[in-house]
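See below for the structure under consideration.
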Amino acid sequence: MGNPIGVRRDFEALEDRRMKAARLIHQGLSQSEVARRVNVHRQSVSRWAKEIEASGITGLKKAGRAGRKPLLSDTDLRKVESKLKQGAQARGYTTELWTTSRVADLIEQECGIRYHPAHVWRLLQGLGWSCQRPGKRALERDEQKIERWKKQRWPKLKKNLRGKSAR
């Protein structure tokens with residue numbers, strides 16, 4: 001059944017609940033009574049009781065992280081990030097723009113692990129990187145004319161708020 005999407009399991013709370021159940025089992029309560037007291041299904045208590053018989057109380061310790069283990073180690077991620085900081089042109093690209101496809105190629109070349117560009121984006125977010133798009137400016141842009149327009153023409157075109165409220 002699992003948790004709703006986006007809801008993470010609290011492994012500490014789950015372990016605490018199992019330990020409480022273990023204490024109650026040790027006190028000699030029935031599995032049904034233990035299930036009622038810790039608010040779980042009786043089958044869970046039965047499974048925990050079998051685990052206690054097989055492995056002792058340590059068998060009820062938390063399992064650790066959920067899901068698949070990451071393919072890239074922390075060392076690999078640091079290595080990739082240092083290469084990213086060197087810039088895309090240092091890797092032979094014509095522009096400094098890092099795309100997810102380029103980063104995926106970098107990871108494959110450096111670490112031998114192939115990732116889909118969509119997943120590379122998740123890795124970059126985990127490293128604290130964000131989407132940055134270069135500002136596009138016309139080559140013909142004349143900064144002096146723009147400044148003059150902002151200071152002289154724009155104030156004349158801007159709506160006069162005092163005039164509207166005075167009516």
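The figures here come from the full heavy-atom set of this structure, side chains too, leaving out hydrogens, waters and symmetry mates. The chain is numbered in sequence order, starting from 1.
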Side-chain heavy-atom pair [X], [Y] within 4.5 angstrom cut-off:
X      : Y      : result
Val80  : Lys83  : no
Ile146 : Lys150 : yes
Arg17  : Val40  : yes
Trp149 : Leu157 : yes
Gln31  : Ile25  : no
Ser130 : Gln125 : no
Arg37  : Leu29  : yes
Leu124 : Val120 : yes

[Y] backbone acceptor or donor facing [X] side chain under 3.5 Å:
X     : Y     : result
Ser82 : Lys79 : yes
Gln89 : Thr94 : yes
Ser73 : Asp76 : yes

Under 4.5 Å between side-chain heavy atoms, hopping through other hydrophobics if needed: is there a path connecting [X] to [Y]?
X      : Y      : value
Ile113 : Leu127 : yes
Val103 : Tyr93  : yes
Trp48  : Ile57  : yes
Leu123 : Leu97  : no

Original post:
Taking only residues two or more places apart in sequence, or in another chain, which ones meet Arg23 in a salt bridge (Lys or Arg N to Asp or Glu O under 4.0 Å)?
Top reply: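 By the salt bridge (Lys or Arg N to Asp or Glu O under 4.0 Å) rule, Arg23 matches no residue at all.
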Nearest-0.5 Å distance that lies between atom [atom1] in [X] and atom [atom2] in [Y]:
X      : Y      : atom1 : atom2 : answer
Leu24  : Lys20  : CG    : NZ    : 6.5 Å
Ile52  : Leu60  : CD1   : CG    : 4.5 Å
Arg122 : Thr100 : CZ    : OG1   : 11.0 Å
Asp10  : Glu15  : CG    : CD    : 10.5 Å
Lys85  : Trp98  : NZ    : CH2   : 13.5 Å

Subject >> Pairs touching residues 104-116 that satisfy side chain to side chain donor-acceptor pair (under 3.5 Å), sequence neighbours left out >> reply: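 Qualifying pairs, neighbours excluded: Arg91-Gln109, Arg91-Glu110.
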**OP:** Would you check if there is a donor-acceptor pair between the side chains of Ser30 and Arg42 at a distance under 3.5 Å?
**Re:** no
Original post:
Are a donor atom and an acceptor atom from the side chains of Trp129 and Glu81 found within less than 3.5 Å of each other?
Top reply: yes
**OP:** Apply salt bridge (Lys or Arg N to Asp or Glu O under 4.0 Å) to the pair Glu143 and Arg141, showing each step before the final yes or no.
**Re:** CA-CA 6 Å; Glu143 294 296 332; Arg141 186 176 169 101; 2.5 Å; yes
Subject >> Where Gly87 and Glu96 come nearest, the two heavy atoms and their spacing >> reply: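 Here Gly87 and Glu96 meet closest at CA-OE1, 3.2 Å.
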Original post:
Got a sec: does the CG of Asn39 have more than 12 other heavy atoms crowding it under 6.0 Å?
Top reply: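 No - once you tally the heavy atoms of other residues, nucleotides and ligands closer than 6.0 Å, there are 12 at most.
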Original post:
Just wondering, more than 12 heavy atoms not from Arg153 lying within 6.0 Å of its CZ?
Top reply: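 12 or below, so no.
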